[in-house]
Amino acid sequence: FNAGSALEANGIAALAFINTWVATSAAALAWVIAEWLIRGKPSMLGAASGAVAGLVAITPACGFVGVGGALAIGLTAGLVCLWGVHNLKRLLGVDDSLDVFGVHGIGGIIGALLTGVFASPDLGGTGVWDYVTNAVAEGYSIATQVKIQAIGVLLTVVWSAVVAFIAFKLVDLTIGLRVSHDEEREGLDLGSHGEKAY
């Protein structure tokens with residue numbers, strides 16, 4: 001869908017297509033190599049998680065950064081999301097069994113912020129389109145664009161936290177957020193569905 005977001009078959013669609021592949025590959029490779037160095041062996045789950053981290057991180061940037069920028073975003077996302085899954089989760093003490101925040105949350109933040117860096121024409125990016133002059137805006141500033149991206153990230157985090165808190169409170173008041181300790185240990189297949197899946 002990254003290439004399709006251009007809504008036409010043009011250079012932006014081609015750039016989005018190749019950047020999506022490059023960042024995904026780089027993130028999977030970075031995750032697997034780092035996991036290999038840290039844990040002594042790579043895993044297929046790590047490769048898949050790294051690929052998803054790369055896809056998440058490149059999505060906001062895919063039509064705005066050059067191929068080198070996509071490579072840097074992918075490598076960064078693979079390493080930082082690995083840290084998010086293994087260390088940040090433990091540091092915050094959260095129960096994220098599917099590593100959604102470590103991969104999607106951290107990957108999205110990385111991608112949004114690094115879009116401001118690698119969209120710079122000096123780094124091979126396309127710059128920012130000025131809709132008044134109908135051309136690429138003059139005088140791209142990485143610092144200014146990263147600030148704009150950071151404000152967007154902050155607003156998204158606050159909005160998501162408020163909506164999630166309300167949703168979690170509603171679920172907790174109606175059916176509850178957690179099952180009993182015994183049900184969790186035994187497995188939800190038997191406790192919730194009355195049958196074993198394996």
Side-chain angles (χ1 to χ4, degrees), residues 1-7 12-13 15-16 19-20 23-24 26-27 49-66 69-70 72-173 177:
F1 66 83
N2 285 347
S5 294
L7 300 178
I12 295 172
L15 182 64
N19 282 346
T20 300
T24 303
S49 297
V52 172
L55 287 166
V56 170
I58 197 58
T59 295
C62 63
F64 301 101
V65 302
I73 289 171
L75 291 170
T76 304
L79 296 174
V80 176
C81 289
L82 174 67
W83 171 81
V85 164
H86 292 292
N87 298 87
L88 181 63
K89 182 168 64 171
R90 193 175 318 113
L91 184 70
L92 297 176
V94 296
D95 183 8
D96 185 6
S97 60
L98 298 177
D99 297 322
V100 174
F101 184 76
V103 175
H104 285 83
I106 299 295
I109 291 168
I110 293 289
L113 294 176
L114 290 181
T115 298
V117 174
F118 292 107
S120 171
D122 293 339
L123 298 175
T126 62
V128 175
W129 192 261
D130 184 344
Y131 289 96
V132 175
T133 63
N134 207 22
V136 175
E138 296 292 322
Y140 186 90
S141 167
I142 292 174
T144 300
Q145 191 60 44
V146 169
K147 180 182 173 187
I148 292 167
Q149 299 295 111
I151 291 169
V153 165
L154 182 63
L155 289 173
T156 302
V157 167
V158 169
W159 175 259
S160 299
V162 168
V163 171
F165 178 79
I166 292 168
F168 289 149
K169 261 309 181 199
L170 288 173
V171 170
D172 194 29
L173 291 172
L177 280 176

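No experiment lies behind these values; they were computed from the predicted model shown.
The distance from atom CG of L98 to atom CG of D96, rounded to the nearest 0.5 Å, is 7.0 Å. Interatomic distance, D99 CG to I106 CD1, rounded to the nearest 0.5 Å: 11.5 Å. One distance of note links CZ of F101 with SG of C81; it measures 9.5 Å at 0.5 Å rounding. With rounding to the nearest 0.5 Å, the separation of OG1 in T133 from CG in D130 is 3.5 Å. To the nearest 0.5 Å, atoms CD1 (I109) and CD (Q149) are separated by 12.5 Å. In this structure, OG1 on T59 lies 4.0 Å from CG on N2, to the nearest 0.5 angstrom.
Inter-residue side-chain proximity for T126 and L15 is flagged as met; some heavy-atom pair is nearer than 4.5 Å. In this structure, the side chains of L92 and L88 come closer than 4.5 Å at one or more pairs of heavy atoms. Looking at T76 and V80, their side chains come closer than 4.5 Å, going by heavy atoms from C-beta outward. W159 is not listed as a side-chain neighbour of L155, based on a closest heavy-atom distance of 4.5 Å or more.
The shortest heavy-atom contact between A112 and P60 is N-CG, 3.8 Å. Here the shortest heavy-atom pairing between I73 and A61 reads CD1-CB, 3.8 Å. The shortest heavy-atom contact between A23 and I58 is CB-CB, 3.5 Å. When all heavy atoms of G50 and A27 are compared, the closest pair comes out as O-CB, 3.1 Å.
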Exercise. Do V146 and L114 pass the side chain to side chain contact (heavy atoms under 4.5 Å, CB included) test, and can you show the C-alpha distance, the side-chain angles, and the key distance before you say yes or no?
Worked result: CA-CA 7 Å; V146 169; L114 290 181; over 6 Å; no

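Proximity of a side-chain donor or acceptor of N19 to a complementary backbone N or O of V65 within less than 3.5 Å is detected.
Heavy-atom contacts from other residues, nucleotides or ligands closer than 6.0 Å to CG of L123 number more than 12.
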Cut-off 3.5 Å, no hydrogens considered: what does the side-chain donor-acceptor table look like for residues 135-143, sequence neighbours left out?
from	atom 1	to	atom 2	distance (Å)
Y140	OH	G116	O	2.6
S141	OG	T144	N	3.2
S141	OG	T144	OG1	3.0

